[in-house]
Amino acid sequence: MLMLPGQNQTWVSEFILLGFSSDPTTNRILFTTFLLLYLSSVLGNGLIVTLICLDTRLHTPMYFFLCILSLMDMGYVTTTMPQMLVHLLSHSQTISFVGCWLQMYVFGALATTECVLFVVMAYDRYVAICYPLHYTVILSWDLCTRLAAGTLTCGFLASLIHTFHTMRLPYCGPNKINHYFCEGPSVRSLACMDTHLIEMVDLVLSVFVVIAPLSLIVASYIHIALAIHKIKSIQGRCKALSTCASHLTVVTLFYAPATYIYMRPNSNYSPERDKQVSLFYNVFTALLNPVVYSLRNKDVKRAFLKAMGCGRKDW
(Lines give C-alpha, C1' and ligand atoms only; values in the text may rest on other atoms or scores of the structure.)
Protein backbone atom coordinates (compact mmCIF):
# COMPACT_ATOMS: atom_id res chain seq x y z
CA MET A 1 0.00 0.00 0.00
CA LEU A 2 1.02 3.60 -0.59
CA MET A 3 0.08 6.43 1.79
CA LEU A 4 -0.43 9.74 0.00
CA PRO A 5 1.14 12.77 1.79
CA GLY A 6 -1.33 14.79 3.84
CA GLN A 7 -4.06 12.20 3.45
CA ASN A 8 -5.34 9.31 5.53
CA GLN A 9 -6.26 7.30 2.43
CA THR A 10 -4.03 4.45 1.29
CA TRP A 11 -3.70 3.58 -2.40
CA VAL A 12 -2.66 0.28 -3.88
CA SER A 13 0.87 0.25 -5.35
CA GLU A 14 0.88 -3.50 -6.04
CA PHE A 15 -1.53 -6.40 -6.28
CA ILE A 16 -1.39 -9.98 -5.03
CA LEU A 17 -2.49 -12.65 -7.49
CA LEU A 18 -4.02 -15.51 -5.50
CA GLY A 19 -3.81 -18.01 -8.35
CA PHE A 20 -5.33 -21.46 -7.99
CA SER A 21 -4.00 -22.79 -4.69
CA SER A 22 -1.95 -21.91 -1.62
CA ASP A 23 -0.84 -25.50 -1.00
CA PRO A 24 2.86 -26.02 -1.98
CA THR A 25 2.32 -29.63 -3.10
CA THR A 26 -0.63 -28.71 -5.29
CA ASN A 27 1.33 -25.78 -6.71
CA ARG A 28 4.20 -28.05 -7.74
CA ILE A 29 1.78 -30.32 -9.58
CA LEU A 30 0.14 -27.33 -11.23
CA PHE A 31 3.55 -25.94 -12.17
CA THR A 32 4.49 -29.13 -14.01
CA THR A 33 1.11 -29.32 -15.74
CA PHE A 34 1.01 -25.68 -16.83
CA LEU A 35 4.66 -25.71 -17.90
CA LEU A 36 3.96 -28.62 -20.25
CA LEU A 37 0.83 -26.89 -21.56
CA TYR A 38 2.71 -23.64 -22.11
CA LEU A 39 5.66 -25.26 -23.88
CA SER A 40 3.33 -27.36 -26.04
CA SER A 41 1.35 -24.27 -27.00
CA VAL A 42 4.42 -22.21 -27.92
CA LEU A 43 6.10 -25.07 -29.78
CA GLY A 44 2.91 -26.02 -31.64
CA ASN A 45 2.17 -22.49 -32.79
CA GLY A 46 5.84 -21.87 -33.49
CA LEU A 47 5.87 -24.94 -35.72
CA ILE A 48 2.87 -23.65 -37.68
CA VAL A 49 4.59 -20.27 -38.22
CA THR A 50 7.85 -21.96 -39.26
CA LEU A 51 6.17 -24.31 -41.75
CA ILE A 52 4.19 -21.47 -43.34
CA CYS A 53 7.33 -19.35 -43.70
CA LEU A 54 9.43 -22.20 -45.15
CA ASP A 55 6.96 -23.82 -47.56
CA THR A 56 6.16 -21.64 -50.58
CA ARG A 57 3.00 -23.68 -51.23
CA LEU A 58 1.61 -22.18 -48.03
CA HIS A 59 2.21 -18.60 -49.11
CA THR A 60 -1.48 -17.90 -49.64
CA PRO A 61 -3.90 -15.51 -47.86
CA MET A 62 -5.41 -18.35 -45.81
CA TYR A 63 -2.06 -19.40 -44.36
CA PHE A 64 -0.91 -15.80 -44.00
CA PHE A 65 -3.79 -15.19 -41.61
CA LEU A 66 -3.19 -18.56 -39.91
CA CYS A 67 0.42 -17.49 -39.32
CA ILE A 68 -0.78 -14.27 -37.66
CA LEU A 69 -3.24 -16.29 -35.54
CA SER A 70 -0.42 -18.51 -34.30
CA LEU A 71 1.70 -15.46 -33.46
CA MET A 72 -1.23 -13.97 -31.52
CA ASP A 73 -1.68 -17.24 -29.61
CA MET A 74 1.99 -17.37 -28.65
CA GLY A 75 1.87 -13.73 -27.61
CA TYR A 76 -1.10 -13.74 -25.29
CA VAL A 77 -0.32 -17.08 -23.66
CA THR A 78 3.18 -15.70 -22.94
CA THR A 79 1.63 -12.59 -21.40
CA THR A 80 0.14 -14.61 -18.54
CA MET A 81 1.69 -18.06 -18.22
CA PRO A 82 5.36 -17.34 -17.35
CA GLN A 83 4.37 -15.11 -14.45
CA MET A 84 1.85 -17.67 -13.21
CA LEU A 85 4.55 -20.37 -13.33
CA VAL A 86 6.89 -18.17 -11.27
CA HIS A 87 4.14 -17.50 -8.71
CA LEU A 88 3.44 -21.22 -8.36
CA LEU A 89 6.97 -21.79 -7.03
CA SER A 90 7.55 -18.44 -5.33
CA HIS A 91 6.49 -17.28 -1.88
CA SER A 92 5.71 -13.87 -3.33
CA GLN A 93 2.71 -13.54 -5.65
CA THR A 94 2.81 -9.78 -6.07
CA ILE A 95 2.63 -7.77 -9.27
CA SER A 96 3.22 -4.04 -9.40
CA PHE A 97 0.44 -1.65 -10.35
CA VAL A 98 2.28 -0.77 -13.57
CA GLY A 99 2.96 -4.46 -14.27
CA CYS A 100 -0.72 -5.24 -13.81
CA TRP A 101 -1.63 -2.36 -16.13
CA LEU A 102 0.74 -3.61 -18.84
CA GLN A 103 -0.37 -7.23 -18.52
CA MET A 104 -4.03 -6.29 -18.80
CA TYR A 105 -3.35 -4.05 -21.79
CA VAL A 106 -1.18 -6.47 -23.79
CA PHE A 107 -3.40 -9.46 -23.07
CA GLY A 108 -6.53 -7.51 -24.00
CA ALA A 109 -4.90 -6.14 -27.15
CA LEU A 110 -3.83 -9.56 -28.42
CA ALA A 111 -7.12 -11.23 -27.51
CA THR A 112 -9.14 -8.45 -29.17
CA THR A 113 -6.93 -8.62 -32.25
CA GLU A 114 -7.67 -12.33 -32.43
CA CYS A 115 -11.42 -11.62 -32.25
CA VAL A 116 -11.18 -9.35 -35.29
CA LEU A 117 -8.77 -11.71 -37.04
CA PHE A 118 -11.38 -14.48 -36.92
CA VAL A 119 -13.66 -12.18 -38.95
CA VAL A 120 -10.93 -11.68 -41.54
CA MET A 121 -10.37 -15.45 -41.71
CA ALA A 122 -14.12 -15.97 -42.17
CA TYR A 123 -14.04 -13.46 -45.04
CA ASP A 124 -11.15 -15.40 -46.55
CA ARG A 125 -13.23 -18.60 -46.51
CA TYR A 126 -16.23 -16.70 -47.91
CA VAL A 127 -14.23 -15.45 -50.90
CA ALA A 128 -12.57 -18.85 -51.44
CA ILE A 129 -15.91 -20.69 -51.61
CA CYS A 130 -18.25 -18.09 -53.11
CA TYR A 131 -15.77 -16.56 -55.57
CA PRO A 132 -13.09 -19.23 -56.14
CA LEU A 133 -12.05 -17.97 -59.59
CA HIS A 134 -11.44 -14.45 -58.26
CA TYR A 135 -9.87 -15.49 -54.94
CA THR A 136 -6.33 -14.25 -55.60
CA VAL A 137 -7.62 -11.09 -57.29
CA ILE A 138 -9.97 -10.10 -54.44
CA LEU A 139 -7.58 -11.10 -51.64
CA SER A 140 -4.45 -9.47 -53.02
CA TRP A 141 -1.37 -9.25 -50.83
CA ASP A 142 -1.94 -5.52 -50.49
CA LEU A 143 -5.43 -6.13 -49.10
CA CYS A 144 -4.19 -8.93 -46.81
CA THR A 145 -1.52 -6.63 -45.38
CA ARG A 146 -4.05 -3.84 -44.78
CA LEU A 147 -6.50 -6.26 -43.16
CA ALA A 148 -3.75 -7.55 -40.84
CA ALA A 149 -2.72 -3.99 -39.91
CA GLY A 150 -6.36 -3.08 -39.33
CA THR A 151 -6.93 -5.98 -36.94
CA LEU A 152 -3.87 -4.99 -34.90
CA THR A 153 -4.99 -1.35 -34.78
CA CYS A 154 -8.51 -2.30 -33.64
CA GLY A 155 -7.16 -4.65 -31.00
CA PHE A 156 -4.67 -2.29 -29.42
CA LEU A 157 -7.02 0.72 -29.48
CA ALA A 158 -9.94 -1.21 -27.94
CA SER A 159 -7.69 -2.63 -25.23
CA LEU A 160 -6.34 0.85 -24.46
CA ILE A 161 -9.88 2.12 -23.78
CA HIS A 162 -10.72 -0.91 -21.62
CA THR A 163 -7.47 -0.76 -19.63
CA PHE A 164 -7.59 3.01 -19.15
CA HIS A 165 -11.12 2.94 -17.73
CA THR A 166 -10.26 0.02 -15.43
CA MET A 167 -6.89 1.15 -14.07
CA ARG A 168 -7.89 4.79 -13.52
CA LEU A 169 -10.33 3.63 -10.83
CA PRO A 170 -9.29 4.26 -7.19
CA TYR A 171 -7.85 1.13 -5.57
CA CYS A 172 -7.45 1.65 -1.84
CA GLY A 173 -7.51 -1.96 -0.63
CA PRO A 174 -7.83 -4.86 -0.43
CA ASN A 175 -5.27 -5.61 -3.12
CA LYS A 176 -5.74 -9.38 -3.51
CA ILE A 177 -6.91 -10.38 -7.00
CA ASN A 178 -8.62 -13.76 -6.99
CA HIS A 179 -7.16 -14.72 -10.35
CA TYR A 180 -3.91 -15.92 -11.89
CA PHE A 181 -3.42 -12.74 -13.97
CA CYS A 182 -4.74 -9.18 -14.14
CA GLU A 183 -8.01 -9.63 -15.97
CA GLY A 184 -10.37 -6.64 -16.16
CA PRO A 185 -13.43 -7.90 -14.22
CA SER A 186 -11.28 -9.38 -11.44
CA VAL A 187 -9.25 -6.19 -10.96
CA ARG A 188 -12.28 -3.91 -11.23
CA SER A 189 -14.02 -5.80 -8.40
CA LEU A 190 -11.40 -4.33 -6.01
CA ALA A 191 -12.13 -0.70 -6.84
CA CYS A 192 -13.31 1.36 -3.87
CA MET A 193 -16.06 3.18 -5.74
CA ASP A 194 -19.21 2.40 -7.68
CA THR A 195 -18.11 0.87 -11.00
CA HIS A 196 -21.55 0.73 -12.62
CA LEU A 197 -20.72 3.40 -15.24
CA ILE A 198 -17.40 1.73 -16.08
CA GLU A 199 -19.16 -1.61 -16.43
CA MET A 200 -21.60 -0.05 -18.89
CA VAL A 201 -18.70 1.35 -20.94
CA ASP A 202 -17.07 -2.08 -20.87
CA LEU A 203 -20.31 -3.74 -21.94
CA VAL A 204 -20.66 -1.41 -24.92
CA LEU A 205 -17.03 -2.05 -25.82
CA SER A 206 -17.59 -5.80 -25.51
CA VAL A 207 -20.48 -5.59 -27.97
CA PHE A 208 -18.12 -4.15 -30.58
CA VAL A 209 -15.30 -6.55 -29.69
CA VAL A 210 -17.27 -9.78 -29.25
CA ILE A 211 -20.82 -9.58 -30.60
CA ALA A 212 -20.13 -7.52 -33.74
CA PRO A 213 -17.29 -9.77 -34.98
CA LEU A 214 -19.28 -12.88 -34.12
CA SER A 215 -22.27 -11.53 -36.08
CA LEU A 216 -20.06 -10.92 -39.11
CA ILE A 217 -18.68 -14.46 -38.87
CA VAL A 218 -22.20 -15.88 -38.72
CA ALA A 219 -23.23 -13.76 -41.73
CA SER A 220 -20.21 -15.01 -43.69
CA TYR A 221 -21.05 -18.62 -42.98
CA ILE A 222 -24.68 -18.14 -43.95
CA HIS A 223 -23.50 -17.06 -47.40
CA ILE A 224 -20.97 -19.92 -47.42
CA ALA A 225 -23.71 -22.43 -46.54
CA LEU A 226 -25.91 -21.12 -49.37
CA ALA A 227 -23.00 -21.40 -51.81
CA ILE A 228 -22.20 -24.95 -50.68
CA HIS A 229 -25.86 -25.91 -51.05
CA LYS A 230 -25.64 -25.01 -54.75
CA ILE A 231 -22.73 -27.41 -55.32
CA LYS A 232 -24.17 -30.51 -56.97
CA SER A 233 -21.26 -32.87 -56.25
CA ILE A 234 -21.22 -34.47 -52.77
CA GLN A 235 -17.44 -34.62 -52.96
CA GLY A 236 -17.34 -30.91 -53.78
CA ARG A 237 -19.57 -30.11 -50.82
CA CYS A 238 -17.39 -32.16 -48.47
CA LYS A 239 -14.24 -30.45 -49.72
CA ALA A 240 -15.80 -27.00 -49.24
CA LEU A 241 -16.99 -27.88 -45.74
CA SER A 242 -13.59 -29.28 -44.75
CA THR A 243 -11.92 -25.95 -45.54
CA CYS A 244 -14.24 -24.25 -43.04
CA ALA A 245 -14.26 -26.90 -40.29
CA SER A 246 -10.95 -25.85 -38.68
CA HIS A 247 -11.91 -22.18 -38.58
CA LEU A 248 -15.34 -22.91 -37.11
CA THR A 249 -13.76 -25.11 -34.44
CA VAL A 250 -11.25 -22.52 -33.21
CA VAL A 251 -13.88 -19.74 -33.35
CA THR A 252 -16.15 -21.79 -31.08
CA LEU A 253 -13.32 -22.63 -28.68
CA PHE A 254 -12.38 -18.95 -28.38
CA TYR A 255 -15.71 -17.12 -28.47
CA ALA A 256 -17.73 -19.36 -26.13
CA PRO A 257 -15.65 -18.68 -22.97
CA ALA A 258 -14.79 -15.10 -23.99
CA THR A 259 -18.49 -14.27 -24.38
CA TYR A 260 -19.20 -15.73 -20.94
CA ILE A 261 -16.45 -13.67 -19.27
CA TYR A 262 -17.13 -10.30 -20.87
CA MET A 263 -20.84 -10.35 -21.70
CA ARG A 264 -22.42 -11.75 -18.54
CA PRO A 265 -23.94 -9.46 -15.86
CA ASN A 266 -21.60 -8.37 -13.07
CA SER A 267 -23.98 -9.96 -10.55
CA ASN A 268 -22.98 -13.37 -11.94
CA TYR A 269 -19.30 -12.76 -11.21
CA SER A 270 -17.72 -15.90 -9.73
CA PRO A 271 -13.93 -15.72 -9.17
CA GLU A 272 -13.29 -19.46 -9.11
CA ARG A 273 -15.40 -20.18 -12.18
CA ASP A 274 -13.93 -17.21 -14.04
CA LYS A 275 -10.40 -18.48 -13.44
CA GLN A 276 -11.28 -21.83 -14.97
CA VAL A 277 -13.04 -20.30 -17.97
CA SER A 278 -10.20 -17.81 -18.55
CA LEU A 279 -7.70 -20.64 -18.40
CA PHE A 280 -9.59 -22.38 -21.19
CA TYR A 281 -9.63 -19.51 -23.69
CA ASN A 282 -6.18 -18.29 -22.63
CA VAL A 283 -4.23 -21.55 -22.56
CA PHE A 284 -6.21 -24.40 -24.07
CA THR A 285 -7.39 -22.49 -27.14
CA ALA A 286 -3.81 -21.52 -27.97
CA LEU A 287 -2.80 -25.16 -27.45
CA LEU A 288 -5.60 -26.63 -29.57
CA ASN A 289 -5.42 -24.20 -32.51
CA PRO A 290 -2.30 -25.75 -34.11
CA VAL A 291 -3.65 -29.24 -33.39
CA VAL A 292 -6.97 -28.47 -35.11
CA TYR A 293 -5.32 -26.93 -38.16
CA SER A 294 -2.58 -29.54 -38.53
CA LEU A 295 -4.74 -32.65 -38.03
CA ARG A 296 -7.42 -31.53 -40.49
CA ASN A 297 -5.14 -29.88 -43.03
CA LYS A 298 -3.28 -31.91 -45.65
CA ASP A 299 -1.19 -28.93 -46.76
CA VAL A 300 0.20 -28.37 -43.26
CA LYS A 301 0.93 -32.09 -42.79
CA ARG A 302 2.62 -32.21 -46.19
CA ALA A 303 4.76 -29.19 -45.29
CA PHE A 304 5.74 -30.85 -42.01
CA LEU A 305 6.76 -34.10 -43.74
CA LYS A 306 8.71 -32.11 -46.31
CA ALA A 307 10.53 -30.18 -43.57
CA MET A 308 11.37 -33.47 -41.84
CA GLY A 309 12.71 -34.91 -45.09
CA CYS A 310 9.97 -37.53 -45.27
CA GLY A 311 8.05 -36.12 -48.22
CA ARG A 312 8.32 -36.86 -51.91
CA LYS A 313 10.91 -34.88 -53.83
CA ASP A 314 8.29 -33.45 -56.15
CA TRP A 315 6.52 -31.81 -53.20
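Sequence positions, counted from 1, serve as the residue numbers for this chain.
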Taking N289 as the fixed residue, which of N45, T249, D73 is the one that meets the side-chain hydrogen bond (donor to acceptor under 3.5 Å, both in side chains) rule? D73
Please say whether more than 12 non-hydrogen atoms of neighbouring residues, nucleotides or ligands are located less than 6.0 Å from CZ in F97. yes
Under the ring-ring contact (aromatic ring centres under 6.0 Å, His included) rule, collect the residues that match up with F107, sequence neighbours excluded. Y76, F181
Checking Y255 now: which residues fulfil ring-ring contact (aromatic ring centres under 6.0 Å, His included) with it, not counting sequence neighbours? none
The complete set of ring pair (Phe, Tyr, Trp, His ring centres under 6.0 Å) pairs with one or both residues in residues 39-66, sequence neighbours excluded, reads F64-W141
Can a cation-pi geometry be assigned to K176 and F15, taking NZ or CZ under 6.0 Å from the six-membered ring centre and within 45° of the ring axis? no
Between C53 and C67, is the SG-SG gap under 2.5 Å? no
Pairing residues for [X] by the side-chain contact (heavy atoms from CB on, under 4.5 Å) criterion, not counting sequence neighbours:
X	value
S40	L287
L216	V119
P24	R28
L39	L35

Side-chain heavy-atom pair F156, Y105 within 4.5 angstrom cut-off: yes
Taking C-beta and beyond as the side chain, do L17 and Y180 meet within less than 4.5 Å on heavy atoms? no
Side chain to side chain donor-acceptor pair (under 3.5 Å): which pairs involve [range], sequence neighbours left out?
range	result
residues 146-166	D142-R146, H162-D202
residues 119-132	D124-Y135
residues 92-104	Q83-Q103, S92-T94

Is there a path of hydrophobic side-chain contacts, each under 4.5 Å between heavy atoms of I/L/V/M/F/W/Y residues, joining L117 to L160? yes
Only one of T33, I29, T32, N27 forms a side chain to side chain contact (heavy atoms under 4.5 Å, CB included) with L88, so which one is it? N27
Just by distance, do the side chain of S41 and the backbone of L37 share a donor-acceptor pair under 3.5 Å? no
S70 side-chain N/O to L66 backbone N/O, donor-acceptor pair under 3.5 Å: yes
Hey, could you give me each pair passing disulfide bond (SG atoms under 2.5 Å apart) that has a residue in residues 95-162? Not counting sequence neighbours. C100-C182
In chain order, what residues pass the side chain to side chain donor-acceptor pair (under 3.5 Å) check against T80, with sequence neighbours excluded? N282
For P290 and I48, which heavy atoms make the closest approach, and how far apart are they? CB-CG1, 3.7 Å
